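Heads up: the structure comes next, in structure tokens.
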2 protein chains.
Amino acid sequence: MSNDLLSHTIVEFYEKLSSWEMAVVKDAGHSLPQIHAVEILGGNGDMRMKELAEKMGITTGTLTVQIDKMEQAGLVARKAHQHDRRSILVGLTEQGQAVYREHDQLHHGLSDQLTAKFSDSERELLLSFFQRMNQEF
Amino acid sequence: MSNDLLSHTIVEFYEKLSSWEMAVVKDAGHSLPQIHAVEILGGNGDMRMKELAEKMGITTGTLTVQIDKMEQAGLVARKAHQHDRRSILVGLTEQGQAVYREHDQLHHGLSDQLTAKFSDSERELLLSFFQRMNQEF
DNA sequence: TTAACTATTTTGACTTTCAAAGTAAACGAA
DNA sequence: TTCGTTTACTTTGAAAGTCAAAATAGTTAA
């Protein structure tokens, strides 16, 4: 026996999250890949181009031009890697961090909105469910 | 007081779902927008270009070229609209429906995988949580 | 009948993307 | 050490996806 309903409900949740994110990013005048980079750098700190490209699911060639634009826009800075001169560390500038915090606040607001009618214990249970599912990917 | 952890855990879930979907679609040799169209048509039946474009979050101009390609590939067919000759109904072909069922099975498998360690009652609770959140967008 | 509106397609420009080739540095085995 | 291989990043050329705006065709309502 298998649960079609659960599967479809998860897909619906994903679709709605996706639409919300696109609308929010466009509304703030950013591009989706650039905000994606900001989210990853903001959540994990400086990292190498290679590593960032992997986390974003794009090639390093694509990332190079994306980071070029973001450096132009003042969101990120390239820094020398201490132990490997082939590598380059990318990190958020002050301005990039401001964009990260702002975007994070929006996520936060959505999370509040979605669980507004949940009790505290339900919210805790929901968190544990997400954590357990995240481990199974 | 607000819950950073829940917000970040939801974002993590979304990111993982997103990576999974991109990998699965690429692996099957399809493109993301085309599978998106297949999912929507498969789940809702034939619809007008306008309606499909809205559900996909793209303009009708963009959709026109996408549907051109999909028609070429034998996934969808354009049909005359009964009551409005300006409109065109788009629907899945036999082959398009096969792709839909195949992709739906993958969603299904993922849903099973993520909740493999859940008890039946936990799975039911999870479903109700998703349903409640989906209503709050 | 005609003006306003709606659905779709076409066009031109821009962004994102990849694969492949190029450059520079690190590594490792002889 | 040195030279072939691997790794990290950038560059380049081509393809896909996207939008805004213009064009086409059909509907609606006064």
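Note that the coordinates shown come from a computational prediction; the quantities given were computed from them, not determined experimentally. Per chain, numbering begins at 1; letters A, B, ... match sequence-line order.
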**OP:** Summarise protein proximity over nucleotides 16-30 of chain D in one line of letters, 5' to 3': B for base, S for sugar-phosphate only, - for none, counting protein heavy atoms closer than 4.0 Å.
**Re:** SSBB------BS---
Subject >> Out of dA7(C), dT10(C), dC9(D), whichever nucleotide has its closest atom nearest the side chain of R48(A) >> reply: dC9(D)
**OP:** Rounded to the nearest angstrom, tell me the gap between atom NE2 in H30(A) and atom P in dT16(C).
**Re:** 13 Å
Original post:
With the threshold set at 4.0 Å, does a side-chain nitrogen-carboxylate oxygen contact exist between R123(B) and D120(B)?
Top reply: yes
Original post:
Which pair of heavy atoms, one from E122(B) and one from K117(B), lies closest together, and at what distance?
Top reply: OE1-O, 4.1 Å
Original post:
Can you find a heavy atom in the side chain of L41(B) that is under 4.5 Å from one in the side chain of V76(B)?
Top reply: yes
Subject >> Protein-nucleotide distance (K50(A), atom NZ; dT6(D), atom P), rounded to Å >> reply: 14 Å
**OP:** Using a heavy-atom cut-off of under 4.0 Å over every strand shown, decide if T64(B) touches base, sugar-phosphate, or nothing.
**Re:** base
Original post:
Looking at F118(B) versus F129(A), is the centre-to-centre ring distance below 6.0 Å?
Top reply: yes
**OP:** May I have the distance from K79(A) (atom NZ) to dC9(D) (atom C1'), rounded to whole angstrom?
**Re:** 18 Å
Original post:
When you look at K16(B) and E12(B), which way does the salt bridge (Lys or Arg N to Asp or Glu O under 4.0 Å) test go after all the steps?
Top reply: CA-CA 6 Å; K16(B) 289 185 172 188; E12(B) 186 184 346; 3.3 Å; yes
Original post:
For dT10(D), does OP1 or OP2 lie under 4.0 Å from any side-chain N or O of R78(A)?
Top reply: yes
Original post:
CD of E54(B) versus C1' of dT6(C): gap in Å, rounded?
Top reply: 12 Å
**OP:** Begin from the C-alpha positions of H30(A) and E102(A) and carry the test side chain to side chain donor-acceptor pair (under 3.5 Å) through to its verdict.
**Re:** CA-CA 12 Å; H30(A) 299 296; E102(A) 184 189 330; 5.1 Å; no
Original post:
Expressed in angstrom and rounded to an integer, what is the separation of M70(A) atom CE from dT15(C) atom P?
Top reply: 15 Å
**OP:** Mind calculating the distance between CG (L63(A)) and P (dC9(D)) to the nearest angstrom?
**Re:** 9 Å
Original post:
Would a 4.5 Å heavy-atom cut-off, applied to side chains only, mark L106(B) and W20(B) as touching?
Top reply: yes
**OP:** Rounded off to whole Å, could you give me the CD1-to-C1' distance for the I67(A) and dA8(D) pair?
**Re:** 14 Å
Original post:
Once you round it to whole Å, what is the distance between C1' of dA8(D) and CG of L52(A)?
Top reply: 14 Å
